[in-house]
Colleague: 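Before we start, here is the structure in question, set down as structure tokens.
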Amino acid sequence: MLWIIPDKQWDYLIAIAKEESVQQITASAFLKRHKIGTPSVSRRLADALCEKGLLNDDSTLDGTLYSLSDVFLSHWMERL
């Protein structure tokens with residue numbers, strides 16, 4: 001399926017790809033490093049991308065782990 005996503009969502013996918021996976025999407029270090037904004041913005045972006053199937057949210061014993069659904073896309077985005 002082809003998705004046209006807003007720039008903010010695209011940038012968020014790149015941020016997750018560069019980290020490989022993120023457990024604390026609302027942590028200030030993650031937000032500042034990737035210039036995401038507030039924790040609520042991060043949560044909304046993650047939720048929107050999960051709904052589109054572009055982002056996985058896997059439950060672990062330590063919380064939720066976020067990563068890109070497509071490994072090839074993730075490897076490509078790491079280099080952007």
Side-chain angles (χ1 to χ4, degrees):
M1 178 171 264
L2 177 64
W3 290 104
I4 297 174
I5 62 172
D7 290 343
K8 284 245 183 217
Q9 289 180 7
W10 179 258
D11 293 340
Y12 196 78
L13 282 176
I14 292 171
I16 299 285
K18 288 183 184 266
E19 301 277 334
E20 293 184 16
S21 64
V22 177
Q23 186 162 4
Q24 298 177 340
I25 60 168
T26 58
S28 62
F30 173 70
L31 298 174
K32 286 179 186 175
R33 187 170 36 253
H34 298 288
K35 300 175 183 152
I36 293 168
T38 64
S40 62
V41 168
S42 183
R43 175 72 54 211
R44 281 194 309 270
L45 289 167
D47 289 346
L49 291 166
C50 286
E51 279 183 32
K52 292 177 180 176
L54 296 171
L55 196 63
N56 289 332
D57 57 344
D58 300 313
S59 295
T60 68
L61 294 175
D62 297 324
T64 304
L65 187 65
Y66 293 87
S67 61
L68 267 67
S69 300
D70 187 316
V71 175
F72 297 108
L73 178 62
S74 180
H75 288 303
W76 179 73
M77 288 184 132
E78 285 174 17
R79 293 171 176 78
L80 296 178

Colleague: Stepwise, does the side-chain contact (heavy atoms from CB on, under 4.5 Å) test hold for E19 with R33?
Modeller: CA-CA 10 Å; E19 301 277 334; R33 187 170 36 253; 2.8 Å; yes

Colleague: For the atom pair CG (D11) and CD1 (I5), what is the distance rounded to the nearest 0.5 Å?
Modeller: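 One gets 9.0 Å once the value is rounded to the nearest 0.5 Å.
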
Colleague: Any idea which heavy atoms bring C50 and N56 closest together, and the distance?
Modeller: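 Heavy atoms of C50 and N56 come nearest at SG-C, 4.4 Å.
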
Colleague: Could you grab the distance from atom CD1 of I36 to atom CD1 of I25, nearest 0.5 Å is fine?
Modeller: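 Output value for this atom pair is 8.5 Å.
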
Colleague: Could you work out, with side-chain contact (heavy atoms from CB on, under 4.5 Å) as the rule, every residue matching L68, not counting sequence neighbours?
Modeller: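 With sequence neighbours excluded, L68 shows a side-chain contact (heavy atoms from CB on, under 4.5 Å) to L13, I16, A17, L55, L73, S74, M77, given in chain and number order.
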
Colleague: How long is the straight-line distance from CG of L49 back to CZ of R44, given to the nearest 0.5 Å?
Modeller: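 Reported value, rounded in 0.5 Å steps: 12.5 Å.
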
Colleague: Just verifying a value: how many Å separate L65 CG and T60 OG1, rounded to the nearest 0.5 Å?
Modeller: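 The CG atom of L65 sits 6.0 Å away from the OG1 atom of T60.
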
Colleague: Taking salt bridge (Lys or Arg N to Asp or Glu O under 4.0 Å) as the cut-off, I'd like each qualifying pair that reaches into residues 69-80, sequence neighbours left out, listed once.
Modeller: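 Every pair satisfying salt bridge (Lys or Arg N to Asp or Glu O under 4.0 Å) with a residue in residues 69-80: there are none.
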
Colleague: Which heavy atom of S67 sits nearest a heavy atom of S21, and at what distance?
Modeller: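 Closest approach of S67 to S21: CB-CB, 4.0 Å.
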
Colleague: Do L80 and Y12 belong to the same hydrophobic cluster, where Ile, Leu, Val, Met, Phe, Trp and Tyr are linked whenever their side-chain heavy atoms lie under 4.5 Å apart, directly or via other members?
Modeller: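 L80 clusters together with Y12.
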
Colleague: For F30, which residues count as a ring pair (Phe, Tyr, Trp, His ring centres under 6.0 Å) partner, sequence neighbours excluded?
Modeller: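 Residues passing ring pair (Phe, Tyr, Trp, His ring centres under 6.0 Å) with F30: H34.
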
Colleague: Locate the shortest heavy-atom distance separating Q23 from G63; write the atom from each residue and the value.
Modeller: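 For Q23 and G63, the tightest heavy-atom pair comes out as NE2-N, 3.4 Å.
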
